[in-house]
Peer 1: 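One structure is given below, represented as C-alpha cells, and several questions about it will come after.
Just so it is clear, the structure is predicted and the values come from calculations on it, not from any experiment.
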Amino acid sequence: MTDTQGERAGTSGQEALRENGMMRHLLDSLEEGKDIGHFGRLVFAMVARHFLDEAELKQLLLKDPACDEAQALSLIEQVKARDYSPPRREKVLQFQQQQDFPIIPNPDDPDAGNVYKDLRFPEHVYAHISEYREQKAHVHEEEAAHSA
C-alpha cells in the first residue's frame, strides 16, 4: 500500500479530501451513484490518488455508473504513469466546459476548485510543479532571445 497523505495525517483519506468543496462534491456524487463524467473522474483520480490507496480509489470510481473496472484501472494507471499533478482551478473549469456534470458546483466562487488552498499534498507534488514552471520559464526566455 502506498503512503498516502491521509495516513500520514492520521485521518482517513476521504476525510482529508472532504476538506475541499469540489472534492467533497465529487465524493458525495460518487457515493450517490452519479455519473460525474470523464473529466470529473479524471480530476477525482488526479487529486484523490494522493490521499487514497489504489483499491479505495478504484472502488469509488466504480460507483460511477459510466465507469467499469477496466476504465477505472486504466484511468488510475494513466494518472500514475504520467504522474499528473492535481489540476489548477482554471484547468478544472476547462474540463467542466467539456461535459454536462458540474465538477465545480459553484464556478463563480474564485476559491471553488482550488485544491491547493484546502488540501496538503506530498512534497513531491509541489517539487514537480516548481520544476515544470522553471522549465516553462526557461523555454520562454529562449524564445524571447531567438526572436530578439
Peer 1: I want to know whether Y116 and F121 have ring centres closer than 6.0 Å.
Peer 2: yes
Peer 1: Side chain to side chain contact (heavy atoms under 4.5 Å, CB included) with L73: which residues, sequence neighbours excluded?
Peer 2: K58, E69
Peer 1: Just by distance, do the side chain of R89 and the backbone of P107 share a donor-acceptor pair under 3.5 Å?
Peer 2: yes
Peer 1: Who pairs with R18 by side-chain hydrogen bond (donor to acceptor under 3.5 Å, both in side chains), at least two apart in sequence or on another chain?
Peer 2: D28
Peer 1: Could you go through the side-chain contact (heavy atoms from CB on, under 4.5 Å) check for Q14 and E56 one step at a time?
Peer 2: CA-CA 9 Å; Q14 287 190 42; E56 188 174 10; 2.7 Å; yes
Peer 1: Check ring-ring contact (aromatic ring centres under 6.0 Å, His included) between H38 and all other residues, then give those that pass, not counting sequence neighbours.
Peer 2: none
Peer 1: Excluding sequence neighbours, so at least two apart, what forms side-chain hydrogen bond (donor to acceptor under 3.5 Å, both in side chains) with D109?
Peer 2: none
Peer 1: What closest approach, in Å, do C67 and L61 show between heavy atoms, and which atom pair accounts for it?
Peer 2: CB-O, 3.6 Å
Peer 1: Regarding D64 and R41, does a basic nitrogen lie under 4.0 Å from an acidic carboxylate oxygen?
Peer 2: yes
Peer 1: Who pairs with Q96 by side-chain hydrogen bond (donor to acceptor under 3.5 Å, both in side chains), at least two apart in sequence or on another chain?
Peer 2: none
Peer 1: Side-chain contact, heavy-atom cut-off 4.5 Å: M46 with S85?
Peer 2: no
Peer 1: Tell me, please, which residues at least two apart from N20 pass side-chain hydrogen bond (donor to acceptor under 3.5 Å, both in side chains).
Peer 2: D118
Peer 1: What's the spacing between L60 CG and L26 CG if we round to 0.5 Å?
Peer 2: 11.0 Å
Peer 1: Please round to the nearest 0.5 Å and tell me the distance separating atom CZ of F44 and atom CG of L75.
Peer 2: 10.5 Å
Peer 1: Under the rule for side chain to side chain contact (heavy atoms under 4.5 Å, CB included), what residues qualify as partners of Q94, not counting sequence neighbours?
Peer 2: K91
Peer 1: Show your working on side-chain contact (heavy atoms from CB on, under 4.5 Å) between R24 and L17 and close with a plain yes or no.
Peer 2: CA-CA 7 Å; R24 184 172 46 253; L17 287 170; over 6 Å; no
Peer 1: Going by side chain to side chain contact (heavy atoms under 4.5 Å, CB included), name the residues that satisfy it together with P105, two or more places apart in sequence or in a different chain.
Peer 2: H25
Peer 1: So do S12 and F51 actually touch side chain to side chain, heavy atoms under 4.5 Å?
Peer 2: no
Peer 1: For E77, what residues pass the side chain to side chain contact (heavy atoms under 4.5 Å, CB included) criterion, not counting sequence neighbours?
Peer 2: K80, A81
Peer 1: Does anything in residues 98-108 form a side-chain hydrogen bond (donor to acceptor under 3.5 Å, both in side chains)? List the pairs, not counting sequence neighbours.
Peer 2: none
Peer 1: Please identify each residue that fulfils salt bridge (charged side-chain N to carboxylate O under 4.0 Å, His left out) with D68, with sequence neighbours left out.
Peer 2: none
